[in-house]
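Worksheet: one structure, shown below.
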Amino acid sequence: MIRSVEDMVWCRNAPEATEGVSGGLLLAACEGPACQFPVRSEGADTYFCAAPVEPEHWASGRQDSRYCPFHRDYLSGCKSLAEEAA
Ligand SMILES: [Zn+2]
């Protein structure tokens, strides 16, 4: 079973990228290629990392194209989550 990014984040303490916005940004406040890794939720609002994403990576259409290098690294280290939960 593949878990969503949200599951990963909210089950764990997600690290914030040093390039990201401290405390995160609402999606509506993100401009251009900004990391959409959810770092925090407050009520119904979700705050995203918002660190810059390389335009060429953003446009690549890859599954992780909406995440900054820091969070791509973080997610690649989370691939064993499903096995951990088993
Ligand atoms: Zn990020």
Side-chain angles (χ1 to χ4, degrees):
M1 180 184 118
I2 298 193
R3 305 173 81 190
S4 71
V5 170
E6 285 78 5
D7 284 342
M8 291 184 195
V9 174
W10 290 327
C11 290
R12 307 189 165 223
N13 289 320
E16 290 185 20
T18 48
E19 297 81 15
V21 175
S22 182
L25 268 188
L26 288 169
L27 193 57
C30 296
E31 284 182 20
C35 178
Q36 292 176 10
F37 189 93
V39 291
R40 182 167 74 87
S41 62
E42 195 175 288
D45 291 330
T46 302
Y47 291 81
F48 297 87
C49 162
V53 179
E54 311 92 307
E56 64 275 17
H57 184 80
W58 182 267
S60 73
R62 289 174 46 165
Q63 193 184 7
D64 61 0
S65 64
R66 292 299 180 259
Y67 305 123
C68 68
F70 178 88
H71 281 117
R72 296 203 298 269
D73 250 27
Y74 174 73
L75 289 175
S76 71
C78 282
K79 280 183 181 149
S80 62
L81 269 183
E83 289 115 70
E84 279 178 38

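Every number for a ligand or one of its atoms is a count from 1 in the order of the listing. The basis for the numbers below is simple: all heavy atoms, side chains too, and nothing from hydrogens, waters or symmetry mates.
For the atom pair CZ (Arg40) and CG (Leu26), the distance works out to 8.5 Å, reported to the nearest 0.5 Å.
Here 4 is the count of protein N, O or S atoms positioned under 2.8 Å from the Zn ion (ligand 1), waters not counted.
Pairs of residues two or more places apart, or lying in two chains, that qualify as side chain to side chain donor-acceptor pair (under 3.5 Å) and include a residue from residues 47-57 are Glu54-Arg72, His57-Asp64, His57-Arg72.
Placement of Val53 and Phe48 in two distinct hydrophobic clusters is found when ILVMFWY residues are connected by side-chain heavy-atom separations under 4.5 Å, directly or transitively.
Taking the six-membered ring where tryptophan is involved, the planes of His71 and Phe37 are essentially parallel, since the angle between them stays under 30° and well short of 60°.
When atom types are taken as modelled, the side chain of Arg66 and the backbone of Cys35 share no donor-acceptor pair closer than 3.5 angstrom. Counting only distance, with no hydrogens or angles, the side chain of Glu16 and the backbone of Gly23 share a donor-acceptor pair below 3.5 Å.
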